[in-house]
> 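To start, I am sharing the structure in question, which I have written as structure tokens.
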Amino acid sequence: MSHWLLKTEPAEWSWENQASNSGVSKWDGVRNAQAQKLMRTMNVDDLCLFYHTGKAKEVVGIVRVLKTLYPDPSDASEKCGMVDVKEVCAFKVPVTLAQLKQEESIKDFMLFRQPRLSVVPVSQDVWEKICELGGVDISDLSEVSTKATRKSAAEEVAAKGSLDKSSKKHKRRKRNAS
DNA sequence: GCCAACGTTGGC
DNA sequence: GCCAACGTTGGC
């Protein structure tokens, strides 16, 4: 499984927006060729850091890839694709870019070297570090992921109730309020 | 197919 | 608001 960082300008699409609609959304509007190439390699259940650019400049939560790349109808050239993502959890504490830049252990994070790229690969080291800083328990995430992998994402959504029932240890995730 | 000029992104 | 770093466009 791979990890990613997805950037968004909160004025256009924020974590609060993501949390609505059962936390599910299309990640459309990506036009950059390199970002498209990276998105193409995303797999179902890959986990992504949800990053606010602009004034905020901080990682605020985690989303999971629900559907791999498919055509983005908002692209007139019909060449660009998009993925579907679903909210996994919010960070207990947002992790700022300034904070990350001070971390000696993740100096080679691609986010620093290519600040304009809106889809950034995240190494395991960086993933663990950022989740730790955000107050998120990674083992809790792998439980969700492993379970989801057994069924396709579509099935998971459809069979949500039965999944909940059949899993003794299942921890109920926070439903989006608002 | 090169490259200058221009546009865009996003950190500072 | 500025500017560095890219990306894109279009003339040649």
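Residue numbering restarts at 1 for every chain, and letters A, B, ... go by the order of the sequence lines.
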> Taking the six-membered ring where the residue is Trp, are the ring centres of A:Trp27 and A:Phe50 under 6.0 Å apart?
yes
> Does A:Arg31 reach a base, just sugar-phosphate, or nothing at all? Heavy atoms under 4.0 Å.
nothing
> When you look at A:Lys7 and A:Leu111, which way does the side chain to side chain contact (heavy atoms under 4.5 Å, CB included) test go after all the steps?
CA-CA 10 Å; A:Lys7 291 188 189 174; A:Leu111 180 68; 3.4 Å; yes
> Output the rounded distance in Å from CG (A:Asn32) to P (C:dA5).
17 Å
> Expressed as a whole number of angstroms, how long is the span from A:Lys79:NZ to C:dG7:P?
17 Å
> Measure CD/A:Gln114 against C1'/C:dA4 and give the value in whole Å, please.
14 Å
> Any Lys/Arg nitrogen of A:Arg31 or A:Asp75 sitting under 4.0 Å from an Asp/Glu carboxylate oxygen of the other?
yes
> Between the protein and nucleotides 10-12 of chain B, list the N/O to N/O atom pairs that are separated by less than 3.5 angstrom.
residue : atom : partner  : partner atom : Å
B:dG11  : OP1  : A:Tyr51  : OH           : 3.3
B:dC12  : OP1  : A:Lys101 : NZ           : 2.3

> A:Trp127 vs A:His3 aromatic rings, parallel, tilted or perpendicular, using cut-offs 30° and 60°?
parallel
> Going by the side-chain contact (heavy atoms from CB on, under 4.5 Å) test, name the single residue among A:Val60, A:Leu6, A:Leu5, A:Val120 that passes it with A:Leu49.
A:Leu5
> To the nearest 0.5 Å, what is the distance between NZ on A:Lys92 and CG on A:Asp137?
7.5 Å
> Whole Å only: how far is the CD atom of A:Gln36 from the P atom of C:dG7?
14 Å
